[in-house]
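Notes follow the structure.
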Amino acid sequence: MAGTVTTAPRATTTAEDTLKQKARDPNIVSGGHLVAKALKNEGVDTIFTLCGGHIIDIYDGCVDEGIRIIDVRHEQVAAHAADGYARQTGKLGCVVTTAGPGFTNAMTGIATAFRSESPVLHIGGQGAQTQHMMGSLQDLPHVDIARPITKFAAGVRSTERIADMISMAARECFAGAPGPAYLEIPRDILDREIELAKAVIPQPGRYRASTKSAGDPRDIEKLADLLVQSERPAILLGSQVWTARGHEGAIGLVRALDIPAYFNGAGRGLLPPGDPHHFDRTRSMAFDKADVIVIVGTPFDFRMGYGRRLGRGAQVVQIDLDYRTVGKNRDIALGLVGDPGAILAAVAQAASGRIDKSRQQKRRDWMQELKQAEEAATAKLMPLFRSDAMPIHPYRVAWELNEFLTDDTIYIGDGGDVVTISAQAVRPRRPGHWMDPGALGSLGVGTGFAMAAKLAHPRKEVLCYYGDGSFGMTAFDMETANRFGAPYIAVIGNNSAMNQIRYGQLAKYGEQRGNVGNLLGDVPFGKFAEMLGGHGEEVREPAQIAPALRRAREAVAKSGKSAVVNIWVDPREYAPGTKAQTMYK
Ligand SMILES: Cc1ncc(C[n+]2csc(CCOP(=O)(O)OP(=O)(O)O)c2C)c(N)n1
Ligand SMILES: [Mg+2]
C-alpha cells in the first residue's frame, strides 16, 4: 500500500516537470512536433490514426499545432478515411499508423489510393535505429512493402530532416497524377529533441510548383481543330477532372462546343442529371458512332474494356495528368499530358466561334439522337426501378436512393452487386458528390469515406450504400464517426451473400457446388446502429423504403448518430455486368 501511495505522485511529478521544462524552452523541438509542424505547413488539418507506442509524439505535436486527431478502430479505415478526405478537400490526406500490423492493416487503403490516384501521405512508426534489424517489436521492412504501391517510399534518417522529408513526400504525392507516399520514422528519431534552428522546415506554399499545365500549345490547336470539324463528338470526363478540380474548364468546353458528356468514377456529378449535356445510358452507342472521342483523366483499364470498346471510325484523343497513361492499351490519334481543366479551357478558347452553321446543326441532331436513345433506355429500366416484387428487387432500392438524394448528399457506394446496380439509377447532383473505391475495387471503403466526407463537409448529408458483405468489413468504425460528430446514413442492400461472386460460381459450377464460400448469415444490421446509440430499422417491403430513408434522415439530424436502414433484397437478382462478367473481360 505504502509503495503505491509514494510511487504514483512521483511519476506524475516527473511528467509535469518535463512538460514545464519543454514549455520553458521554445527553441527545443522533438521529432513528433516537427511532423505536426510540417503537416500544418502542408495544409493538413486532420490526421486519421490508430495509436501505438511508436507514434505518440506525433499526437503531442498535433495537439500543439491544432491538428484534429481522428482515432479509428482499424487502420484500414484510417487509410480509406485519409483517402476520402483528400478526395473531398483536394488537399493531402494523412494517415498515421504504428509499426508492423498497424502498417499492414492500412495497406488496402494505400493500395486503393494508389489505383485511384489520390494524394495520401502515410506516416508509419518503426523500432529505434539503435535496434535496427535486431528484431524489435513490430519490426517489418515497411518501406520495401510500400514501394510498389506508392509514388514515393522512404525512411527518415535524422530528426533534423523530418519536416523536409514530409515536404518531399507531399511533392511526390502531387507530381503528375496524384497518389500516395509512405514515410517511415524510427522511434528514436521521432522522440529525439533538437534545437529548432537546426531543423529543416520548408515554409508553406514555398516548396511546390503552382503550375497547372495546359501542355503543348500545338496540341491544343490540333484538338480544337478536330473538335471544330467534328459532327459527332463525345467526351468522357473521368476521375482526374475532379481530382484536379478541372470541372469548370470541362463544363465550359462541353457547353461552348455542344459535346455530349459521359462520366466515370469521381467524374460522376460534374454535370447534374437533366443538364442538356449530361448523358449516361448511351455511352456505348456514342462511342460506337462518334467521329471524335475525347477521353479525359481515365485510363484504358478494365472499366473501359482496355480501350477496345471505342468505335474504329473515331479519332480517339486522350488527355491525362500522367504521361504513362496516354496511349496505353490502344492507339490514339492525339495524346495530351497536363492538367485536364487547363487543357479543356484552352481548347474551348481555341475553338470558340469556329464551328460553322451546318456542323452546328449536325451536332444538335447528334445530341438529339442520343437524348432519345437515353430516354428509351430509361423507359426500359423503369419497370425494374418501380418493381413491387417481394423480396425487394435491388433495382427498386437503387431508384429509391436516387429519389432520396438531395443536391447536398454525398453518395458513397461500397459493395458488390447491389452497388453496381445502384450506379444505373443514382445520379449525384454535384461535382465530388459521388465516391467509389476506384480501380482496385476494394470492399470496405464505405465507413472511412463516409466519416471523411462528413468531417470535410459537416453541413452536407452523407449516405453510404453498402452490400451486407462490405458492411461487415469495416462497420465498427461507425462508432468512430459517431464519436467525432460525423454521423451518416448507412443503407444496406442485404442479400445475405457475396452475391457478385456467387453469380459467377453458380454459372460455372451449378446449384450444388456454386454456393461455396459466398453465403453469409441473415444479420439484422439495424440493431447495430441501435447498439451505437443511433436509429436502425429493417425493411422488407418496397413501399417501406422511402419512409424508412426519411426516418433515418430525421434521426441522424436529431441524434447526431449514424442510422442504418437494412433493406432485405432478392438474392436471385443480379446486375447485367455481373451476368456478363464484364469485369474479367
Ligand atoms: C476486399 C475485397 N475482398 C473481396 C473482393 C471480391 N468481391 C467483389 S464483390 C464481392 C461480394 C460483395 O458482397 P456484398 O458487399 O454483400 O455485395 P453483393 O455482391 O452481395 O451485392 C466480393 C467478395 C473485393 N472486391 N474486395
Ligand atoms: Mg451481399
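Whatever order the structure lists ligands and atoms in, that order sets their numbers, starting from 1.
- When side chains are defined from C-beta on, D71 does not count as touching F48, because their heavy atoms never get closer than 4.5 Å.
- Here CG of L236 is found 14.0 Å from CZ of F279. Values are rounded to the nearest 0.5 Å.
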Write 'none' if nothing qualifies; otherwise put on separate lines each N/O atom of ligand 1 with a protein N/O atom under 3.5 Å away and their distance to 0.1 Å.
| unit_1 | atom_1 | unit_2 | atom_2 | d |
| --- | --- | --- | --- | --- |
| ligand 1 | 15 (O) | S470 | N | 3.0 |
| ligand 1 | 15 (O) | S470 | OG | 2.9 |
| ligand 1 | 16 (O) | D468 | N | 3.2 |
| ligand 1 | 16 (O) | D468 | OD1 | 2.9 |
| ligand 1 | 16 (O) | G469 | N | 2.7 |
| ligand 1 | 16 (O) | A497 | O | 3.0 |
| ligand 1 | 17 (O) | G416 | N | 3.1 |
| ligand 1 | 19 (O) | D417 | N | 2.7 |
| ligand 1 | 19 (O) | N499 | N | 3.3 |
| ligand 1 | 19 (O) | Q500 | N | 2.9 |
| ligand 1 | 20 (O) | N495 | OD1 | 3.0 |
| ligand 1 | 20 (O) | N495 | ND2 | 3.1 |
| ligand 1 | 20 (O) | A497 | O | 2.8 |
| ligand 1 | 20 (O) | N499 | N | 2.8 |
| ligand 1 | 21 (O) | D417 | N | 3.1 |
| ligand 1 | 21 (O) | V418 | N | 2.9 |
| ligand 1 | 21 (O) | N495 | ND2 | 3.4 |
| ligand 1 | 25 (N) | G441 | O | 2.8 |
| ligand 1 | 26 (N) | L443 | N | 3.3 |

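- Judged purely by distance below 3.5 Å, without hydrogens or angles, the side chains of N566 and E538 pair a donor atom with an acceptor atom.
- For the residue pair V316 and F300, the shortest heavy atom distance occurs at CG1-CZ, 4.1 Å.
- A donor and an acceptor atom, one from each side chain of T578 and Q500, are located under 3.5 Å apart.
- When only modelled atom types and interatomic distance are considered, Q505 and N515 share no side-chain donor-acceptor pair under 3.5 Å.
- Taken from CG in D83 to OG in S442, the straight-line distance is 8.5 Å, to the nearest 0.5 Å.
- Excluding waters, the count of protein N/O/S atoms less than 2.8 Å from the Mg ion (ligand 2) comes to 3.
- Checked by atom type and distance alone, the side chain of K454 pairs as donor or acceptor with a backbone atom of K460 at under 3.5 Å.
- Note: I421 CD1 to Y574 OH = 10.5 Å, rounded to the nearest 0.5 Å.
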